[in-house]
Amino acid sequence: MYWYNGRICSGERIELGVSDPGFLYGATTFTTLRVYEGGLLDPRTAWCDHVERLRGAIAALDWMAPDWRQLETGAQEMAGGFAVLRVTLFADGRALITGRELPQDLRQRQQQGIVAWLAEGPGFARGLPQRKTGNYLGPWLALQQARRWGALEAVLVNERGEWLETSTGNLWGWWDGQWWTPPLSAGILPGLGRSQLLQAARQQGLEVSEQPWLPSVVRRFEGLAYSNAVVELVPIRQVLRSPRPGQEIETERYDGGQEAIAELRSRLKSL
């Protein structure tokens with residue numbers, strides 16, 4: 001089931017023209033939100049923030065706006081049946097809303113952490129990193145490669161070796177009694193989960209440093225995590241590096257900071 005241009009549709013297929021820019025070039029913009037309490041009104045769902053993200057994107061791209069009232073009606077209809085919604089806008093004003101469930105092992109991920117893979121190389125770069133566009137090939141390729149190494153996430157880096165974000169979220173490091181996160185100026189997505197965590201931390205007196213994650217900075221971290229609007233905050237307990245010729249795969253562990261990660265997640269729930 002999905003919502004497309006004003007009505008609920010059954011099945012899992014949508015018809016697009018062969019010359020549609022969304023099909024040819026990934027000319028769409030989207031946002032993904034988690035539905036709390038079965039609707040859009042819960043502050044944690046942050047519906048208004050997601051709409052503002054979409055409004056900002058189509059204004060910057062000079063695309064046609066959808067019928068915003070109709071879009072909200074569609075999201076409300078879909079929110080009754082799914083825990084996660086993806087709202088996609090096309091350049092000509094069409095809108096698509098799809099739904100899915102939360103990962104079945106999300107609680108386990110939040111408690112035990114996950115393994116990530118360091119996606120070094122220009123082939124994994126995000127296009128237009130300040131916008132969530134349908135041209136998501138770089139992060140998708142990074143995630144597929146990560147899974148080949150047995151990891152659930154990929155960490156994207158730039159040409160200077162700075163850690164930027166994961167294939168699906170923003171990065172957080174814990175060291176010396178405070179939190180660290182890469183700045184927007186590094187060329188990362190301004191995630192809504194990131195904004196919520198920054199707000200929650202600073203409202204309650206927690207220090208957060210925004211500075212580039214050079215290798216010298218990353219090596220200091222005791223704990224590591226990533227966030228997005230769906231999974232909230234998930235620890236990364238281990239980061240894998242592809243092996244050099246004749247060597248075994250390298251591993252960096254981040255086993256500390258578990259109490260700080262749990263505390264930051266609890267602060268988010270108090271917003």
Side-chain angles (χ1 to χ4, degrees), residues 32 102-127 129 132 135-176 178-183 186-189 191 193-194 197 209-228 230-262 264-265:
T32 306
L102 291 169
Q104 292 185 351
D105 62 345
L106 178 56
R107 184 176 296 275
Q108 178 181 336
R109 297 185 194 183
Q110 291 174 335
Q111 293 175 347
Q112 300 180 11
I114 65 163
V115 176
W117 172 74
L118 195 63
E120 298 175 288
F124 304 119
R126 186 195 298 276
K132 288 180 76 73
N135 187 358
Y136 229 63
L137 181 59
W140 183 83
L141 289 173
L143 188 57
Q144 305 317 300
Q145 188 65 33
R147 288 173 176 168
R148 294 187 185 100
W149 288 106
L152 287 180
E153 263 293 346
V155 175
L156 309 183
V157 301
N158 63 17
E159 67 280 0
R160 297 183 297 276
E162 297 173 10
W163 292 22
L164 302 176
E165 55 195 342
T166 74
S167 53
T168 66
N170 293 109
L171 284 167
W172 300 83
W174 174 258
W175 171 67
D176 197 27
Q178 74 171 67
W179 283 103
W180 305 69
T181 191
I188 66 171
L189 179 73
R194 178 182 184 275
L197 281 168
S209 175
E210 297 180 75
Q211 70 175 58
W213 278 26
L214 295 164
S216 58
V217 174
V218 173
R219 282 194 292 269
R220 301 172 181 171
F221 293 146
E222 304 162 31
L224 189 66
Y226 80 101
S227 68
N228 64 42
V230 174
V231 302
E232 297 176 344
L233 187 68
V234 172
I236 299 174
R237 68 174 187 272
Q238 189 176 357
V239 176
L240 308 178
R241 288 178 179 266
S242 297
R244 296 178 176 85
Q247 297 183 355
E248 295 183 355
I249 191 167
E250 299 179 31
T251 300
E252 297 180 23
R253 301 198 65 90
Y254 298 91
D255 295 321
Q258 300 308 308
E259 292 184 5
I261 292 172
L264 185 57
R265 189 185 305 116

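Predicted model, so just to flag it, every value in this text is computed and none were measured. No hydrogens, no waters, no symmetry mates; every other heavy atom, side chains included, goes into these values.
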* Structure fact -> Tightest non-hydrogen contact, residues R237 and V115, listed as NH2-CG2, 3.7 Å
* D105 (side chain) donor-acceptor with Q108 (main chain) under 3.5 angstrom -> no
* What distance do R194 atom CZ and L171 atom CG have between them, rounded to the nearest 0.5 Å? -> 10.5 Å
* Is the W213 ring parallel, tilted or perpendicular to the W163 ring (thresholds 30°, 60°)? -> tilted
* Asked: Between E250 and L240, does a side chain to side chain contact (heavy atoms under 4.5 Å, CB included) hold up when you go through it step by step?
  -> CA-CA 6 Å; E250 299 179 31; L240 308 178; over 6 Å; no
* Go through the steps for Y254 and Q238 under the test side chain to side chain contact (heavy atoms under 4.5 Å, CB included), then give the verdict. => CA-CA 6 Å; Y254 298 91; Q238 189 176 357; over 6 Å; no
* May I ask you to decide whether R126 forms a salt bridge with E165, counting only side-chain N to carboxylate O separations under 4.0 Å? => yes
* How close do L141 and G123 get, heavy atom to heavy atom, and via which atoms? -> CD1-O, 4.2 Å
* Check the side chains of S227 and E232 for a donor-acceptor pair under 3.5 angstrom, ignoring hydrogens and angles. => no
* Would you give the length of the straight line joining atom CD of Q211 to atom CD of E162, rounded to the nearest 0.5 angstrom? => 10.0 Å
* Asked: Is there side-chain contact between T166 and L156, with heavy atoms separated by less than 4.5 Å?
  -> no
* Work out which heavy atom in V157 is nearest to a heavy atom in A119; give both atom names and the distance. => CG2-O, 3.6 Å
* To do: Give a yes or no on this: more than 12 heavy atoms of other residues, nucleotides or ligands lie within 6.0 Å of atom CZ of R253.
  => yes
* What's the spacing between W180 CH2 and W175 CH2 if we round to 0.5 Å? -> 5.0 Å
* Structure fact -> In short, V230 meets N228 closest at the heavy-atom pair N-OD1, 2.8 Å
* Asked: L164 pairs by side chain to side chain contact (heavy atoms under 4.5 Å, CB included) with which of V155, I188, L189?
  -> I188
* Asked: Is the CD atom of Q104 crowded by more than 12 outside heavy atoms at less than 6.0 Å?
  -> no
* Given side chain to side chain contact (heavy atoms under 4.5 Å, CB included), test L224 with V239 step by step and report yes or no. => CA-CA 9 Å; L224 189 66; V239 176; 3.7 Å; yes
* Test S242 against W149 for side chain to side chain contact (heavy atoms under 4.5 Å, CB included), laying out the working first. => CA-CA 9 Å; S242 297; W149 288 106; 3.9 Å; yes
* Rounded to the nearest 0.5 Å, how far does CD of Q145 lie from CG of L118? -> 12.0 Å
* Rounded distance (nearest 0.5 Å) linking atom OH of Y226 with atom CD of E153 -> 4.5 Å
* To do: Determine the minimum heavy-atom distance between V218 and E252, stating which atoms define it.
  => CG1-OE1, 4.5 Å
* To do: Evaluate ring pair (Phe, Tyr, Trp, His ring centres under 6.0 Å) for W140 paired with F124, printing each intermediate quantity in order.
  => CA-CA 8 Å; W140 183 83; F124 304 119; over 10 Å; no
* To do: Flag the pair P183 / P212 as yes when at least one side-chain heavy-atom distance between them is below 4.5 Å, and no otherwise.
  => yes
* **Separation of R147 CZ from W117 CH2 (nearest 0.5 Å)** => 13.0 Å
* Asked: Does a side-chain heavy-atom distance below 4.5 Å link R109 with P103?
  -> yes
* To do: Give the minimum heavy-atom separation between S167 and P139, together with the two atoms involved.
  => CB-O, 3.6 Å
* Under 6.0 Å between the ring centres of W174 and W179? -> yes
